[in-house]
Amino acid sequence: MNGEFMNEEIIIAGFGGQGVLSMGKILAYSGLMQGLEVSWMPSYGPEMRGGTANVTVILSTERISSPILTAFDTAIILNQQSLDKFENTVKPGGLLIYDPNGISRPPERTDLRIYSVEASKTANEKNMHKIFNMIVLGGYLKVKPVVSLDFIEAGLKKSLPERHHKLIPANLEGVKLGGEIINRVN
Amino acid sequence: MSELRLMKGNEALAEAAIRAGVDAYYGYPITPQSEVMEYLMAANPEKTTGMVVLQAESEVSSINMVYGAAGAGKMAMTSSSSPGVSLMQEGISYIAGAELPCVVVNVVRGGPGLGTIQPSQADYFQTVKGGGHGDYKLITLAPASVQEMSDFMRLAFELAFKYRNPAMILSDGAIGQMMEKVELFDPIPRRTDEEVAQQCPWATTGRKRGTQKRVITSLRLVASVQEEFNIKLQKKYKQIQENEVRCEMIGCEDAQFVIVAYGSSARTSMKAVELARKSGLRAGLLRPQTLWPFPTKELRSLAERGVQGFLSVEMSAGQMVEDVRLAVNGRSRVEHFGRMGGVIASPLDIFEALKQFAAGEKKLF
């Protein structure tokens, strides 16, 4: 960071089991490794048992005030319920990234930069189900390179238990792939 | 060299307990603080520092195990969430009555009753006004970040031993569950039995020939003896009030309106103050880090300096607001804003309430 102020407020939302919370954790840990202030605030209420999960991640060059937010710079959306819930929480001019798989009503706002990332389909085709979330993360980082790939690797090392470190190259491959398949929609 | 990690508040607190050289943790699982014992069980510090980690059969057992260990001069602690802490109140009163140091952690959830598992601050009265019986006080620390979950663990034990008084860490579900960067302090070795015997001349460490019998009790029967003890306690409490108040002030120097908030409400309020400043409203935040002793003098001097109003933001029906009113003592307006039952007021909600408050509105929710 070349002394520039940066404050990125992100909501990541989808089904439980899609790796929403761990994607947020890897992003936050990578930010920490890069020297940023970070926070990770999960939904931990009973709604998790109903199937949806979301996490607020903040990356900042300054002390973070509230880890709890209702307006975001970026929304990363992985199912229809989450799109319905969070489309209107993105700040005007903000970024909305979604996986079109299972989306019956695409985003409608015209004041956002909207991208689609076919992570689900790609993960299915390439048998990369386990790193689906890293494909999504890669798409996001292509559009907003808030942390560099080197620090993603460092973040993975820190957040994954040692016995899973052999999976890091595959995870990084997923990140690169996400950057290749993300498309501007509007 | 201290160590940087990304951790949940509950995990940071558990790690800090090991690093602080705590001798014993006794607990019983309850959301949203179960990670404390889970972390300790997984870390298995008995193998490294010799710290005991034990799941008791109930919260009543855990607090009485703490009572016993504390009587032997050990650094003993427990953690729970609201309904569990209610069960501990008798034990806490006994520990206060026996003048023993210990740390109790409450990661507060919505109530009354079993309530909800989401964050709340409705246990303020229980903690600072005496949830158990008798004239006693708990030194109460209110962490507002994962860093403070770690730092206050050590501080709570320091204060508890300095004053031979139980200390409470009053956290909430949001601080317990969120992850932030935390700089962990270097481990402090557990005290040896000799060090305990030397530092705690009151502790029951095994009677030696020619020494006085030591009795740990909260029972005094003779009224005059009990009153003498009460007077001694009150003197100690006065000393704590004079020396141990801690708070953080943000933007209070020129503020016309000051939000008073602790724990996760202080974080959402900090953002609300940023929003207010951007809109041209001169707002500030006073964040008590100790709830007892309360930053009464600090609030009073802000009121004397001409702050027009104080807005107490809490996840409750308005509890701390009473202490804010007592401190301000009619010099400025004081109101409360907050949500209940596990619902968190967002920074925008607080900003809106602050604007209404500044415009003279009284009923804010």
Side-chain angles (χ1 to χ4, degrees), chain A residues 5 7 9-12 21-49 53-72 86 88-89 91 147 151-152 154-161, chain B residues 3-10 31-35 42 107 109-110 116-119 144-147 172-183 248 250-251 261 264-275 277 285 287 315 339 341-352:
Chain A
F5 172 72
N7 188 67
E9 301 175 338
I10 311 153
I11 179 85
I12 309 171
L21 299 185
S22 63
M23 189 196 329
K25 187 177 171 186
I26 290 160
L27 180 59
Y29 232 133
S30 307
L32 184 150
M33 300 309 287
Q34 191 170 300
L36 295 169
E37 297 297 322
V38 298
S39 81
W40 176 97
M41 180 79 216
S43 60
Y44 75 92
E47 78 266 22
M48 281 169 75
R49 281 147 198 133
N54 70 70
V55 61
T56 300
V57 175
I58 307 173
L59 304 169
S60 185
T61 49
E62 310 260 306
R63 178 181 179 185
I64 292 166
S65 51
S66 178
I68 297 151
L69 299 169
T70 47
F72 305 93
F86 292 109
N88 284 326
T89 64
K91 297 174 196 169
V147 282
F151 290 111
I152 293 286
L156 279 164
K157 268 191 193 137
K158 277 282 196 176
S159 47
L160 293 176
Chain B
E3 194 183 334
L4 272 188
R5 273 200 232 168
L6 183 74
M7 292 179 111
K8 280 190 173 193
N10 288 335
T31 307
Q33 67 74 56
S34 297
E35 291 87 356
V107 182
R109 63 189 239 181
T116 177
I117 61 172
Q118 272 89 355
S145 62
V146 175
Q147 185 66 54
D172 62 66
I175 300 292
Q177 291 297 324
M178 72 190 226
M179 284 202 281
E180 285 186 312
K181 184 170 81 177
V182 55
E183 194 176 342
E248 184 190 17
I250 298 171
S264 60
S265 288
R267 300 292 297 273
T268 43
S269 295
M270 212 185 288
K271 183 96 178 172
V273 166
E274 285 170 17
L275 295 169
R277 286 272 168 178
L285 172 72
R287 176 173 79 85
M315 292 188 283
R339 302 289 301 268
V343 181
I344 304 172
S346 74
L348 275 172
D349 295 337
I350 299 167
F351 173 45
E352 284 305 318

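As the structure is a prediction and not an experimental result, all values here were calculated from the model. Letters A, B, ... are given to chains in the order of the sequence lines, protein chains preceding strands, and every chain is numbered from 1. FYI, side chains are in, hydrogens and waters are out, and symmetry mates aren't considered; it's all heavy atoms of this structure.
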### Task
Using only heavy-atom distances, determine whether the side chains of B/Q147 and B/K181 contain a donor-acceptor pair under 3.5 Å.
no

### Task
Would you mind checking which part of A/I58 comes under 4.5 Å of any heavy atom in chain B, side chain (CB onward), backbone (N, CA, C, O), both or neither?
neither

### Task
Tell me, for B/L285 versus chain A, whether the close heavy atoms (under 4.5 Å) come from the side chain, the backbone, both or neither.
neither

#### Entry: Under the salt bridge (Lys or Arg N to Asp or Glu O under 4.0 Å) test, residues paired with A/E9 that sit two or more places apart
A/K91, B/K271

### Task
Would you kindly say whether B/E274 and A/S65 are connected by a side-chain donor-acceptor distance under 3.5 Å?
yes

### Task
Check salt bridge (Lys or Arg N to Asp or Glu O under 4.0 Å) between B/E248 and all other residues, then give those that pass, not counting sequence neighbours.
A/R63, B/R287

### Query
Under a 4.5 Å heavy-atom cut-off, does chain B meet the side chain of A/L32, its backbone, both or neither?
side chain

